[in-house]
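Down below is the structure, laid out as structure tokens.
Along the sequence shown, the residues carry numbers beginning at 1.
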Amino acid sequence: MQEKTGKEVRGIKWSEGTIANARWGGVLLRDILISAGIPEQEDAQKGFHVCFASNVAPCQDDTSYGGSIPLEEVMAKDGAAMLAYEMNDAPLTPDHGFPLRVVVPGYFGMRWVKWVDRITISRNESPNFYQQRDYKMLPECVSSPEKAIQENWWGRTPSMQRLNCNSVVAHIQCLTLACPDQKTLKVTGYAYSHCPISRVEISADDGETWHEVRITYQEGSWSWSLWEGELVVDIDVDALEWASHGQRNGLPKTKITVMSRAFDQSGSAQDTECRWNLRGVGFCGVGVGTIEV
């Protein structure tokens with residue numbers, strides 16, 4: 001987010017690489033809670049939360065790590081929240097949460113509590129610091145941690161739960177190096193949301209026109225979507241010649257910016273603008289990549 005807005009954020013600058021796609025194995029949380037006596041009737045689940053805690057690893061801002069999600073999300077018949085003990089058909093390793101971790105497809109990763117050792121059903125969200133005082137998309141008017149506390153923005157801002165619709169331009173390749181006034185670009189990237197991606201579009205004219213690309217990989221309801229497409233971009237050779245003082249040989253390179261935006265099956269669309277927030281979390285502005293040709 002700081003890269004896109006030029007405005008400092010108070011958080012780890014993850015950029016666009018903190019993501020992975022994995023196959024998880026475990027036991028559905030719904031089945032565990034039903035066996036523990038949680039009612040299956042939807043009316044009995046409303047207003048409750050499933051709170052997870054891990055007392056294994058030390059934390060900087062609390063005595064343990066914790067988080068919660070709404071009970072009705074866990075108990076949904078098509079829900080996929082689980083206690084996982086396998087990753088990519090192999091037992092979990094300690095760095096990935098051995099022996100058990102929470103997996104909540106379609107939700108932000110901070111709710112995927114590793115090394116989980118306690119599950120509580122509560123009328124309130126988890127009281128843990130990382131649910132109440134972190135990982136919230138504070139409004140732009142909150143410019144400092146002090147203001148967030150003094151004006152109770154932490155309490156007034158909802159916790160981050162479901163993923164936003166998002167896409168990233170991962171790589172751009174020029175396919176027509178010999179042609180000076182027109183370039184064909186091959187663009188690849190990934191997209192994700194809290195439900196399957198329905199389409200991805202790219203633009204090389206600052207969003208004036210958009211072109212749909214091809215989704216090359218998407219598995220089930222929860223995987224990321226890999227995509228690729230081509231764009232033909234016209235280059236103003238005369239302007240480059242003028243910038244080179246009339247010399248056509250050795251024309252300076254020009255930078256082309258490609259943007260991406262995604263849409264999901266729920267009808268959500270990726271935002272076209274990046275809205276800054278103090279913690280720099282939940283970025284979902286258009287994906288941006290550049291290439292010099």
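Of all non-hydrogen atoms in I291 and I172, the two that sit nearest each other are CD1-O, 3.5 Å. The two residues G282 and N164 come nearest to each other via the heavy atoms O-ND2, 3.4 Å. For the pair S54 and S64, the tightest heavy-atom approach, listed with the atom from each and the gap, is O-CB, 3.3 Å. The two atoms that bring W222 and G106 nearest to each other are CE3-N, 3.9 Å, heavy atoms only. Here the shortest heavy-atom pairing between P139 and T157 reads CD-OG1, 4.0 Å. Among all heavy-atom pairs drawn from A262 and C165, the shortest one is O-SG, 3.3 Å.
In this structure, the side chains of H211 and S203 stay at 4.5 Å or more apart for every pair of heavy atoms. Side-chain contact check for V288 versus T257: some heavy-atom pair is nearer than 4.5 Å. Using a 4.5 Å heavy-atom threshold, the side chains of M137 and M160 count as touching. For the pair L231 and I202, the minimum side-chain heavy-atom distance is below 4.5 Å. A heavy-atom distance below 4.5 Å is found between the side chains of N166 and C284. No side-chain heavy atom of R275 sits under 4.5 Å from any side-chain heavy atom of F283. With a 4.5 Å cut-off on side-chain heavy atoms, W24 and W112 count as touching. Using a 4.5 Å cut-off on side-chain heavy atoms (C-beta onward), M82 and V27 make no contact.
Checked against the 6.0 Å centroid criterion, the rings of Y65 and Y130 qualify as a close aromatic pair.
Here OG1 of T176 is found 9.5 Å from CG of D181. Values are rounded to the nearest 0.5 Å. Rounding to the nearest 0.5 Å gives a distance of 6.5 Å between CG of D264 and OG of S198. With values rounded to the nearest 0.5 angstrom, R111 atom CZ is found 13.0 Å from E73 atom CD. Expressed to the nearest 0.5 Å, how far CD of Q132 lies from OG of S68 amounts to 7.5 Å. How far CD of E125 is from CD of Q131: 4.5 Å, rounded to the nearest 0.5 Å. Annotation: the span from S159 atom OG to Y135 atom OH amounts to 12.5 Å, rounded to 0.5 Å.
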(Q) Applying salt bridge (charged side-chain N to carboxylate O under 4.0 Å, His left out) to R133 and D61, what does each step give before you reach the verdict? (A) CA-CA 9 Å; R133 296 279 294 275; D61 298 298; over 6 Å; no
Q: Please report the C-alpha distance between D31 and L29 in whole Å, then the side-chain angles of each, then the deciding distance to 0.1 Å, and finally whether the side chain to side chain contact (heavy atoms under 4.5 Å, CB included) criterion is met.
A: CA-CA 5 Å; D31 293 342; L29 267 170; over 6 Å; no
Q: Start with the C-alpha distance between Q182 and V232, add both sets of side-chain angles, then the distance that settles side chain to side chain contact (heavy atoms under 4.5 Å, CB included), and finish with yes or no.
A: CA-CA 7 Å; Q182 192 176 77; V232 177; 3.4 Å; yes
Q: Please report the C-alpha distance between S268 and H194 in whole Å, then the side-chain angles of each, then the deciding distance to 0.1 Å, and finally whether the side chain to side chain contact (heavy atoms under 4.5 Å, CB included) criterion is met.
A: CA-CA 10 Å; S268 297; H194 64 272; 4.3 Å; yes
(Q) The test is side chain to side chain contact (heavy atoms under 4.5 Å, CB included); show your working for L33 and V74 and say whether it passes. (A) CA-CA 9 Å; L33 295 182; V74 174; 3.8 Å; yes
Q: Would you please test E72 and K46 for salt bridge (charged side-chain N to carboxylate O under 4.0 Å, His left out) and show each step?
A: CA-CA 6 Å; E72 57 190 314; K46 294 185 181 300; 3.4 Å; yes
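Transitive grouping of hydrophobic side chains (ILVMFWY, heavy atoms separated by less than 4.5 Å) keeps V113 and W115 in distinct clusters. Criterion: ILVMFWY side-chain heavy atoms under 4.5 Å apart, direct or through other members. Under it, V104 and I34 are part of a common hydrophobic cluster. Under a hydrophobic-cluster definition in which Ile, Leu, Val, Met, Phe, Trp and Tyr are linked whenever side-chain heavy atoms come within less than 4.5 Å, directly or via other members, L175 and L185 are assigned to different clusters. Residue I19 is grouped with residue M110 when hydrophobic side chains (ILVMFWY) are merged at heavy-atom distances under 4.5 angstrom, including chains of intermediate members. One hydrophobic cluster holds both L163 and Y217 under the rule that ILVMFWY side chains link at heavy-atom gaps under 4.5 Å.
F263 carries R199 over the face of its six-membered ring, with the cationic atom under 6.0 Å from the centre and within 45° of the normal. Both tests do not hold together for R118 against F52: distance to the six-membered ring centre under 6.0 Å, angle to the ring axis within 45°. For the pair R261 and W210, the cation-pi criterion (under 6.0 Å, within 45° of the ring axis) is fulfilled.
The existence of a salt bridge linking E40 and R30 is confirmed by a sub-4.0 Å separation between a basic side-chain nitrogen and an acidic carboxylate oxygen. Residues E228 and R214 are paired through a salt bridge, judged by an N-O separation under 4.0 Å between the basic side chain and the carboxylate.
Within a 6.0 Å sphere centred on CD of E292, other residues, nucleotides and ligands contribute more than 12 heavy atoms. More than 12 heavy atoms of other shown residues, nucleotides or ligands fall within 6.0 angstrom of atom CD in E151. Environment of CZ in F98: sparse, with no more than 12 heavy atoms of neighbouring residues, nucleotides or ligands closer than 6.0 Å.
Looking at Q270 and S167, their side chains do bring a donor and an acceptor atom within 3.5 Å of each other.
For the pair D117 (side chain) and N55 (backbone), a donor-acceptor distance under 3.5 Å is present. Between the side chain of T216 and the backbone N or O of L226 there is at least one donor-acceptor pair closer than 3.5 Å. With hydrogens and angles disregarded, a donor-acceptor distance shorter than 3.5 Å links the side chain of K147 to the backbone of C141. A donor-acceptor pair under 3.5 Å is formed between the side chain of K136 and the backbone N or O of W154. A distance-only check finds no donor-acceptor pair linking the side chain of N128 to the backbone of G67 [under 3.5 Å]. A distance-only check finds no donor-acceptor pair linking the side chain of N277 to the backbone of L138 [under 3.5 Å].
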Considering only distance and modelled atom types, tabulate donor-acceptor pairs under 3.5 Å from the side chains of residues 83-97, sequence neighbours left out.
residue : atom : partner : partner atom : Å
N88     : OD1  : R23     : N            : 2.9
T93     : OG1  : D95     : OD1          : 2.5

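Listed by chain and residue number, nothing satisfies the ring pair (Phe, Tyr, Trp, His ring centres under 6.0 Å) test with Y192 (two or more places apart in sequence, or in another chain).
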